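Input: a single structure, listed below in structure tokens.
In what follows, chains carry the letters A, B, and so on, assigned in the order in which the sequence lines appear, proteins first and then strands, with residues in each chain numbered from 1. Small disclaimer: the values here were computed from a predicted structure and weren't measured.
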Number of protein chains: 2
Amino acid sequence: MTRRTKQREAILDALADAGRPLTPIEMQDAAESASPGISQSTVYRTIKLLVEAGEAVPVPVPGEPDRYEHASAAEHHHHHFKCDACGKVFDLEGCSGSMKNMLPEGFTLRDHEIFLYGDCPACAGA
Amino acid sequence: MTRRTKQREAILDALADAGRPLTPIEMQDAAESASPGISQSTVYRTIKLLVEAGEAVPVPVPGEPDRYEHASAAEHHHHHFKCDACGKVFDLEGCSGSMKNMLPEGFTLRDHEIFLYGDCPACAGA
DNA sequence: CTAGTTGCAAAGCATTTGCCTGTGG
DNA sequence: CCACAGGCAAATGCTTTGCAACTAG
């Protein structure tokens, strides 16, 4: 039912190698060398499959299309950083703690998402 | 150059009255009674104008289209809560503090965004 | 073999833009 | 008056889907 094809390997490898969340376009570019001519439909379909299979995790980015990261990155609670200059999203370790003190009366808390913005080392240096 | 029309008043009033960030669709619905037949183009064009004029502020929601809130709500630093059940976004007071401890070596911090998820009082009660 | 996969092109959505009519000042 | 605004519809940009050809197992 889940067949092993070079397109799927290319996409999963791209995610694993990147070490950071990728957009569908970035995945397609990264997969292009391992599987030339790979189509966008395949990229999107494969993303959906990988997410359902738990091998990839969607990373919602405020105001932008979702990115996706390899499941191994999602094993621990973490957040993300987006570079103002190059637009890349990076993983951040840790979490500043509970958000409960921000919650008004009557609301229940299930999860939270934190995004930091600034410059990544490569761009800050330039 | 900025003409006062009933469509623009309807949209600005909708934002002011809502007291929480609205999607373009929600704005159109809310403006419908004050300005029947208002078109989507007008809603989007007006949003853009209001944002440029500083009367409305975009609220980026992870994985979803932007919402917008009235400028008065953005005068102080705050974050947002999204209800899992009804999908509405609410303003939250305060901020749990600095995020600098999450930042790896070499990154610079400009801003941050926090989103909490759970149930709002209306939905949690039901 | 043959059901799962792929590529292409068309279809969907949300948002933007062009164009011509309408109207605020 | 007449330049700014509004409504409609076509155009975008991103993502999904239908379909016929292809291929892994």
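- Between D/dA5 and B/Thr46, no contact under 4.0 Å exists linking OP1 or OP2 to a side-chain N or O.
- Note on ring orientation: taking the six-membered ring where Trp is involved, the planes of B/Phe81 and B/Phe90 are tilted (angle from 30° to 60°).
- Distance, B/Glu32 CD to D/dG6 P: 15 Å, rounded to whole Å.
- With rounding to whole Å, B/Tyr44 atom OH is found 17 Å from D/dA9 atom P.
- Between B/His70 and B/Glu75, the side chains place no donor N or O within less than 3.5 Å of an acceptor N or O (distance only, hydrogens not considered).
- Side chain of A/Glu52 to backbone of A/Leu49: no donor-acceptor contact under 3.5 angstrom is found.
- Put simply, CD on A/Glu52 is 12 Å from P on C/dT5, counting in whole angstrom units.
- Closest to the side chain of B/Arg3, out of D/dC14, D/dC4, D/dG7, is D/dC4.
- Between A/Thr5 and the phosphate of D/dA24, there is no side-chain N or O to OP1/OP2 separation shorter than 4.0 Å.
- The distance between atom CD of B/Gln28 and atom C1' of C/dT15, rounded to the nearest whole Å, is 12 Å.
- Residue-level contact check: B/Ser39 touches the bases, meaning some heavy atom is under 4.0 Å from a base atom.
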From CA spacing to verdict: side chain to side chain donor-acceptor pair (under 3.5 Å), B/His79, B/Glu93: CA-CA 7 Å; B/His79 294 296; B/Glu93 294 304 313; over 6 Å; no

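- Among D/dG7, C/dA14, D/dA5, the nucleotide with an atom closest to any side-chain atom of B/Gln7 is D/dG7.
- When the P atom of D/dA5 is taken as reference, atom CD1 of B/Ile47 falls 16 Å away, rounded to whole Å.
- Contact annotation: side chain of A/Arg8 to base of C/dT5, donor-acceptor pair absent below 3.5 Å.
- Residue A/Lys48 places at least one side-chain N or O under 4.0 Å from the OP1 or OP2 atom of D/dT17.
- With hydrogens and angles ignored, no donor-acceptor pair under 3.5 angstrom links the side chain of B/Arg45 to the base of C/dT16.
- Each of A/Ser41 and A/Leu49 has a nearest nucleotide on DNA chain C; the 5'-most of these lies closest to A/Leu49.
- Nucleic acid contact for A/Ile25: none, since no nucleic acid atom lies under 4.0 Å from a heavy atom of the residue.
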Run the side-chain donor-acceptor check on residues 113-126 of chain A: report pairs under 3.5 Å with partners two or more places apart or on a different chain.
none

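- Using a 4.0 Å heavy-atom cutoff across all strands shown, A/Gln40 reaches at least one base atom of the nucleic acid.
- Positionally, the nearest nucleotide of DNA chain C for A/Ile38 lies more toward the 5' end than for the other of A/Ile38 and B/Pro24.
- Note: CZ (B/Arg67) to C1' (C/dT15) measures 16 Å, nearest angstrom.
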